[in-house]
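Heads up: the structure comes next, in structure tokens.
Atoms considered below: every heavy atom in the structure, side chains included; atoms not considered: hydrogens, waters and symmetry mates. Per chain, numbering begins at 1; letters A, B, ... match sequence-line order.
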2 protein chains.
Amino acid sequence: MSEGVEWALHCCLDLTWLDPGTAAPAAKLAAFHGLPTAYLNKQLQALARDGIVTSTRGPRGGFRLARGPERITLMDVVTAIEGAEQAFRCTEIRGPSPKDPARDVYREPCLIDQAMRKAELAWRVELAGQTVADIKVQVERNAPDVPEHTRRWFADVQA
Amino acid sequence: MSEGVEWALHCCLDLTWLDPGTAAPAAKLAAFHGLPTAYLNKQLQALARDGIVTSTRGPRGGFRLARGPERITLMDVVTAIEGAEQAFRCTEIRGPSPKDPARDVYREPCLIDQAMRKAELAWRVELAGQTVADIKVQVERNAPDVPEHTRRWFADVQA
DNA sequence: GTCTGCATACTCGGATAAGAGCTGTCCGAGTAGCTTAGG
DNA sequence: CCTAAGCTACTCGGACAGCTCTTATCCGAGTATGCAGAC
């Protein structure tokens, strides 16, 4: 899996702690996490294309969440970065060449495909069941200083 | 996900229908599914390294299952081809650079990592819960002609 | 007729290229705010 | 003093290389089979 997913998730979490009405530029987000600015910008663009964040250009511009974090699932973020295609894709390789006379033996759907889809569905259900807000709440409980620490950093440091 | 997984799963299923005591060479398996022989051979080698199939060289040689299909899970096959590493791997990018004085704010484990692991675990559980024998039984119920069709093809055709 | 040695064909195994996708970088498009000059 | 036009600085956005991993291929290592020749 692309590591852009990790970056995007962390950025979404950061954005929940910004001062209301402010946006975080890609440069600051990159500096905060020690990541290459331009490439992170590319990932954030992907989030913007899927309507997870909104982007504004010019001074005081940057990215902010397009909707409440309770309405952004981990699945949404993964899909935005990785694309919506299945990881396992059936290429229908059953049986000897398509010109085989007994080809109709394989009318029924491929059960290997179904089994893999079932597993991948379980993965997607788990991802769709957790929102950015859930993570936010857990962090605020486990490490109460992180939100303020983050907010302050984005408010003060000019990177 | 590598398409070698699909190839490997189909091959394992084929092997369950071979005449007892016989082995299927990579060339025949490749011809049966319309795949490049040499590359499929490489995937089968990966299965052999993980002890899922056994390989014998020379005439009448080839691959056969190393144990009963009820003891081969889909997880085993996926791990053999894709490796045992997690798809999502946390690189610990939380907070500003490691030399930040307030670094100890991030003592607690990364919750994004935990969330992603949880989802991936659900995927693995699903895969580990289905065996090649399960697929075999389902196919024999849904498409009763496939087993004999396959057995005959491997017994007769010299590819 | 039987045994032994050898040649042969077959198959896996690992080392070696080609291609695709992820990773990383750069510069142009667009915007907000400041500056400055005029009324 | 107030207004407005222009300028500057800042930020996103998409187009352009580098690099790792998947895909694909080839040839050598090893083995069972069948044959030929000697006893």
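- Residues A:L40 and A:A26 approach most closely at CD2-O, 4.0 Å, considering heavy atoms.
- Nearer the 5' end of DNA chain C, as judged by each residue's closest nucleotide, is the contact made by B:F63, out of B:F63 and A:E3.
- For the helix from C:dG1-D:dC39 to C:dG39-D:dC1, the angle separating the two terminal helix axes comes to 0°, with each axis derived from five pairs and the value rounded to 10°.
- At least one donor-acceptor pair closer than 3.5 Å links the side chain of A:D134 to the backbone N or O of A:T131.
- Within residues 82-89 of chain A, no residue has any heavy atom under 4.0 Å from DNA chain C.
- Classification of the A:Y106-B:H149 ring pair by plane angle, with boundaries at 30° and 60°, yields perpendicular.
- With hydrogens and angles disregarded, a donor-acceptor distance shorter than 3.5 Å links the side chain of B:D76 to the backbone of B:T73.
- Distance B:R64 CZ to C:dC12 P: 11 Å, rounded to the nearest Å.
- Counting only heavy atoms from C-beta on, B:S55 has its side chain closest to C:dG13 among C:dT23, C:dG13, D:dT11.
- Contact check of residues 35-49 of chain A against DNA chain D (heavy atom, cut-off under 4.0 Å) returns A:N41, A:K42, A:Q45, A:R49.
- Among B:F154, B:W7, B:W17, the single residue meeting the ring pair (Phe, Tyr, Trp, His ring centres under 6.0 Å) criterion with B:F32 is B:F154.
- B:Q43 places no side-chain N or O within 3.5 Å of a backbone atom of B:I81 that could act as its donor or acceptor partner.
- As rounded to whole Å, 17 Å separates atom C1' of C:dC22 from atom CE of B:M1.
- Checking A:E6 against B:T91 by side-chain atom types alone, a donor-acceptor pair falls below 3.5 Å.
- Under a cut-off of 6.0 angstrom, the local environment of CZ in B:R71 is sparse, with at most 12 non-hydrogen atoms contributed by other residues, nucleotides or ligands.
- The CH2 atom of A:W7 sits 14 Å away from the P atom of C:dC22 (whole-angstrom rounding).
- Each of B:L18, B:T16, B:T54, B:T22 was compared with B:R64 under the side chain to side chain contact (heavy atoms under 4.5 Å, CB included) criterion, and only B:T54 meets it.
- A donor-acceptor pair under 3.5 Å is formed between the side chain of B:E120 and the backbone N or O of B:A87.
- Looking at B:R151, its side chain never comes within 3.5 Å of a backbone N or O of B:V146 through a donor-acceptor pair.
- Within the 4.0 Å cut-off from OP1 or OP2 of D:dT11, not a single side-chain nitrogen or oxygen of A:T56 is found.
- Comparing D:dG13, C:dC10, C:dT11 by their nearest atom to the side chain of B:P25 picks out C:dT11.
- Listed nucleotides: C:dG24, C:dG30, D:dT22. Nearest to the side chain of A:R57: C:dG30.
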